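Since the structure comes first, as structure tokens, the remarks are kept for the end.
These figures come from a predicted structure and were not determined experimentally.
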Amino acid sequence: QVQLVESGGRLVQAGGSLRLSCAASGGSFSSYAMAWFRQAPGKEREVVAAIGWSGRNIYYTDSVKGRFTISRDNAENTVYLQMNSLKPEDTAAYYCAARRGQLARVNDYDYAYWGQGTQVTVSS
């Protein structure tokens, strides 16, 4: 079973940057597709970005395209989310998720393993 621990969330001004990290343990990391989801107060959880086990199958939700970059380091068992040009509407709790399989998926029900989340707050 995979355990996931996110880090890197904090308060940042609009236009700033953050890099979130998700460290995985307890499983064969390279066998898992990974994703970042977020949930803002009063809103449904949504996928932000997802990456396949090889790093070549990548998805971004439209609102973050050109601003966010997902990547993974299979040697370090870590997935990253580089977030640039942050906007107040990016404010949310960000969750790392893992699914056994090659391809990235965009629905939360496809992911069996979840971290506890890290809070990102973007001030205007």
- Item | Lys/Arg N to Asp/Glu carboxylate O, Arg99 vs Asp110, below 4.0 Å | no
Under 3.5 Å, sequence neighbours excluded: what are the donor-acceptor pairs made by side chains of residues 21-34?
from: Ser28; atom 1: OG; to: Ser31; atom 2: OG; distance (Å): 3.3
from: Tyr32; atom 1: OH; to: Arg100; atom 2: NH2; distance (Å): 2.7

Closest heavy-atom contact between [X] and [Y]?
{"X": "Ala50", "Y": "Tyr111", "result": "CB-OH, 3.8 Å"}
{"X": "Arg38", "Y": "Asp90", "result": "NH1-OD1, 3.0 Å"}
{"X": "Ile58", "Y": "Tyr60", "result": "CG2-CE1, 3.4 Å"}
{"X": "Ala104", "Y": "Asn57", "result": "N-OD1, 2.6 Å"}

- Query: Applying salt bridge (Lys or Arg N to Asp or Glu O under 4.0 Å), which residue pairs with at least one partner in residues 12-28 are found, sequence neighbours left out?
  - Reply: none
- So, Asn84 versus Ser17: side-chain donor-acceptor pair below 3.5 Å or not? yes
- Message: Is the distance between the ring centroids of Trp114 and Phe37 under 6.0 Å?
- Response: yes
Would you say that [X] contacts [Y] through its side chain, given a criterion of any heavy-atom pair below 4.5 Å between the two side chains?
{"X": "Val120", "Y": "Thr91", "result": "no"}
{"X": "Thr121", "Y": "Val12", "result": "no"}
{"X": "Ile51", "Y": "Val79", "result": "yes"}
{"X": "Thr118", "Y": "Tyr95", "result": "no"}

Spell out, as yes or no, whether a donor-acceptor pair under 3.5 Å connects the side chain of [X] to the backbone of [Y].
{"X": "Arg45", "Y": "Gln39", "result": "no"}
{"X": "Gln82", "Y": "Phe68", "result": "no"}
{"X": "Tyr94", "Y": "Val48", "result": "no"}
{"X": "Arg67", "Y": "Ser63", "result": "yes"}
{"X": "Gln116", "Y": "Val5", "result": "no"}

- Task: Following the transitive rule for hydrophobic clusters with a side-chain heavy-atom cut-off under 4.5 Å over Ile, Leu, Val, Met, Phe, Trp and Tyr, establish whether Val122 and Leu81 coincide in one cluster.
- Result: yes
- Report the distance from atom CD of Glu6 to atom SG of Cys96, rounding to the nearest 0.5 Å. 5.5 Å
- Query: For the side chain to side chain contact (heavy atoms under 4.5 Å, CB included) test, which of Leu20, Asp73, Ile70 pairs with Tyr80?
  - Reply: Asp73
- Who pairs with Ser71 by side chain to side chain donor-acceptor pair (under 3.5 Å), at least two apart in sequence or on another chain? none
